[in-house]
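As structure tokens, the structure follows; a few thoughts come after it.
All chains are named by letter (A, B, ...) in the order of the sequence lines, taking the proteins before the strands, and each is independently numbered beginning at 1. Since we're looking at a predicted model, the values are computed, not measured.
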2 protein chains.
Amino acid sequence: MVKDNKVIETMLNHKSIRDYTDQKPSDEIIEKIVRTGQQAPFASQLYSVLLSRKGNIQFGAPLLFTICVDFHKMEKIMEKRGWEAITNDISILLMGIQDAALMSENMVIAGASFGLGSCYLGAAPYRAKKIKEEYNLPDRVFPLVQLVMGYPAEEKPPRPRYPMDFVLFEDEYPELDDNKINEAMKVMDEGYLAQDYYEELNGKIPIKDDEKEDKYTYEDYSWTEHISRKWGQRYPDSERILEQLKECGFDVE
Amino acid sequence: MVKDNKVIETMLNHKSIRDYTDQKPSDEIIEKIVRTGQQAPFASQLYSVLLSRKGNIQFGAPLLFTICVDFHKMEKIMEKRGWEAITNDISILLMGIQDAALMSENMVIAGASFGLGSCYLGAAPYRAKKIKEEYNLPDRVFPLVQLVMGYPAEEKPPRPRYPMDFVLFEDEYPELDDNKINEAMKVMDEGYLAQDYYEELNGKIPIKDDEKEDKYTYEDYSWTEHISRKWGQRYPDSERILEQLKECGFDVE
């Protein structure tokens with residue numbers, strides 16, 4: 001039952017693709033991907049998908065999707081029904097971010113089923129104002145994530161993930177002792193190093209503190225060091241993200 | 001190429017299931033579902049999955065998953081690497097909610113490929129403190145969504161979704177004129193009414209304002225009325241959700 005499952009096979013084979021051929025996916029395929037995305041179990045369909053095929057897209061991809069949290073459409077519909085939205089913006093975003101994320105993940109999987117590769121560009125929220133201008137977004141639409149897509153020009157193996165006992169907990173969240181943490185780190189770090197992942201990407205995050213020496217080379221710079229440098233150095237205060245949200249008409253303060 | 005695509009077929013066939021048989025999915029299937037969920041394109045694997053098979057689960061389902069935003073594991077890993085997380089909590093949640101949502105959607109699709117139905121229970125964030133106690137969650141873990149799963153004891157058609165021209169916008173977000181809004185509302189409302197969706201669910205949301213009369217019966221109460229009553233009546237202020245976040249160790253104020 002677990003074998004010969006095309007769905008599982010497609011999903012387990014997922015990896016981000018950062019090099020694409022010139023071949024353009026057809027309109028039919030694009031619409032099928034978005035239509036399939038739509039069948040996710042949404043709370044309120046609080047999403048919109050922006051598409052650009054204008055070129056100059058990262059990694060030479062033919063398609064750039066921007067998946068947005070969209071409360072503008074909801075307000076338009078409610079207005080027609082004689083209702084006014086009163087829910088606070090944090091609760092709206094809590095549902096809307098999920099809706100947009102479900103859409104994006106479905107699009108990744110649907111695309112993969114047609115042989116398309118993809119890669120998330122995660123910085124959209126911090127460039128929201130710029131994206132709003134580019135696509136002429138109305139208020140109450142927030143660009144959550146960008147996704148490039150196209151036919152892969154590279155072959156990559158799937159990246160490692162945490163071990164099962166670091167992820168799935170029955171009945172109770174366990175104490176994560178040193179052994180468990182070390183084991184999870186080892187799986188991730190050795191897995192990424194074996195693939196020369198950051199070296200091929202030239203993806204090392206610099207250490208901002210001038211007094212600290214960067215002792216790592218691509219021989220030992222791996223996943224847990226990489227994410228530590230992200231969460232240990234980026235966006236210490238919320239000013240920037242709050243401003244971007246505000247520019248898009250969401251007030252969470 | 002678009003035909004005979006098992007992945008697309010499985011995803012387009014998705015609908016929430018609210019009645020389950022007694023049959024228990026095997027450990028092998030459960031682990032395969034979670035493992036497949038893990039292959040989503042995560043930023044930082046900021047997720048954990050709690051499982052309960054204790055029974056008393058909604059709709060008679062044998063499995064209850066609670067998918068959490070988990071920054072606790074990240075902090076443990078960073079500590080081992082000599083780093084301290086400095087990123088603001090809004091930015092953490094913005095990524096973590098996406099990570100947990102990707103995981104949950106992958107689990108839905110992976111489950112479906114094994115013949116399992118599922119249904120999201122969306123209220124988890126508002127019951128976060130209670131769930132924290134139930135599963136003994138450490139700080140910095142926030143239960144985002146619950147998902148019941150099992151073998152379906154009902155056959156349902158997929159629910160309608162917005163028309164493509166209300167969802168996919170190329171290059172520019174268009175002016176949504178009355179025609180477009182009315183058409184989208186019509187597709188949703190007529191689609192749900194044709195399935196007697198809310199009547200079978202007995203799912204009407206009452207009007208809170210005593211002075212307003214509820215003119216709708218299940219003959220004409222449909223999707224846009226339902227969601228208008230949600231967003232037009234629920235959680236006017238953010239106090240409750242902020243308190244739940246705070247109980248779980250996230251401070252977004």
Hey, which of Leu137(B), Ile92(B), Leu144(B), Thr10(B) has the most heavy atom pairs under 4.5 Å with chain A? Leu144(B)
Between Arg234(A), Glu134(A), Arg159(A), Lys180(A), which shows the greatest number of heavy-atom pairs under 4.5 Å with chain B? Arg234(A)
Candidates Arg53(B), Lys32(B), Arg35(B) - the one meeting salt bridge (Lys or Arg N to Asp or Glu O under 4.0 Å) with Asp27(B): Arg53(B)
Residue among Lys230(B), Glu253(B), Glu225(B) with most heavy-atom pairs under 4.5 Å to chain A: Glu225(B)
Rounded to the nearest 0.5 Å, what separates atom NZ in Lys80(B) from atom OG in Ser228(A)? 12.0 Å
Select, from Tyr47(A), Trp223(A), Phe65(A), the one with the greatest count of heavy-atom pairs under 4.5 Å involving chain B. Trp223(A)
Okay, Asp237(B) and chain A: the region with an atom under 4.5 Å from a heavy atom over there is backbone
Using non-hydrogen atoms only, which part of Glu84(A) is less than 4.5 Å away from chain B: side chain, backbone, both, or neither? backbone
Gap between atom CD1 of Ile227(A) and atom OG of Ser44(B) - 0.5 Å precision: 5.5 Å
Less than 4.5 Å to any heavy atom of chain A: does that hold for the side chain of Ser104(B), its backbone, both, or neither? side chain
Under 4.5 Å between any side-chain heavy atoms of Phe166(B) and Ile181(B), yes or no? yes
Between the CD1 atom in Ile131(B) and the SG atom in Cys248(B), the distance rounded to the nearest 0.5 Å is 8.5 Å
Sort out for me which of Pro138(A), Ala110(A), Gly82(A) touches chain B most, counting heavy-atom pairs under 4.5 Å. Pro138(A)
Counting heavy-atom pairs under 4.5 Å to chain A, which of Gln45(B), Met95(B), Lys73(B), Lys76(B) comes out on top? Gln45(B)
The interface call for Asp189(B) against chain A, heavy-atom contacts under 4.5 Å, is side chain
Go through the atoms of Arg240(B) and report whether side chain, backbone, both or neither lie under 4.5 Å from a heavy atom of chain A. neither
Chain B: which of Ile77(A), Val145(A), Asn136(A) shares the most heavy-atom pairs with it under 4.5 Å? Ile77(A)
Does any heavy atom of chain B fall under 4.5 Å from the side chain of Ile30(A), the backbone, both, or neither of them? side chain
Out of Asn88(B), Thr87(B), Asp89(B), which residue meets the side chain to side chain donor-acceptor pair (under 3.5 Å) rule with Ser91(B)? Asn88(B)
Relative to chain A, which segment of Leu46(B) carries a heavy atom at a distance below 4.5 Å: side chain, backbone, both, or neither? side chain
Can you tell which part of Met185(A) gets under 4.5 Å to a heavy atom of chain B, answering side chain, backbone, both or neither? side chain
Under 6.0 Å between ring centres, would you say that holds for Phe169(B) and Tyr135(A)? no
Among the listed options Ala100(A), Cys68(A), Pro41(A), the residue most often paired with chain B at heavy-atom distances under 4.5 Å: Pro41(A)
Side chain / backbone / both / neither for Tyr120(B) at chain A, heavy atoms under 4.5 Å: side chain
Proximal component of Asp70(B), with respect to chain A [non-hydrogen, under 4.5 Å]: side chain
Please identify, among Glu170(B), Arg161(B), Glu172(B), the residue contributing the most non-hydrogen atom pairs under 4.5 Å to chain A. Arg161(B)
Quick check for you: to the nearest 0.5 Å, what is the distance between Glu183(B) atom CD and Leu176(B) atom CG? 13.0 Å
Okay, Ile241(A) and chain B: the region with an atom under 4.5 Å from a heavy atom over there is side chain
So, do Ile29(B) and Leu116(B) sit near enough that their side-chain heavy atoms are less than 4.5 Å apart? yes
Do Met11(A) and Gln39(B) touch side chain to side chain, with heavy atoms closer than 4.5 Å? no
Tell me, do Leu94(A) and Pro125(B) make a side-chain contact under 4.5 Å, heavy atoms counted? yes
At a heavy-atom distance under 4.5 Å, which candidate from Ile90(A), Ile109(A), Leu245(A), Asn106(A) has the highest pair count against chain B? Asn106(A)
Pick whichever of Glu175(B), Glu9(B), Gln38(B) has the most heavy-atom pairs under 4.5 Å with chain A. Gln38(B)
Turns out that what part of Trp231(A) lies under 4.5 Å from chain B's heavy atoms comes down to both
Comparing Ile97(B), Leu242(B), Val108(B) against chain A, the one with the most heavy-atom pairs below 4.5 Å turns out to be Ile97(B)
Gap between atom OG1 of Thr66(A) and atom NZ of Lys132(A) - 0.5 Å precision: 15.0 Å
Turns out that what part of Thr36(B) lies under 4.5 Å from chain A's heavy atoms comes down to both
Checking His72(B) against chain A: side chain, backbone, both or neither under 4.5 Å from a heavy atom? side chain
Looking only at non-hydrogen atoms, find the nearest pair between Glu105(B) and Ala40(A) and report the distance. OE2-CB, 3.6 Å
Centre-to-centre under 6.0 Å for Tyr126(B) and Tyr235(B), is that the case here? yes
Atom pair OH/CE of Tyr162(B) and Met188(B) - distance to nearest 0.5 Å: 6.5 Å
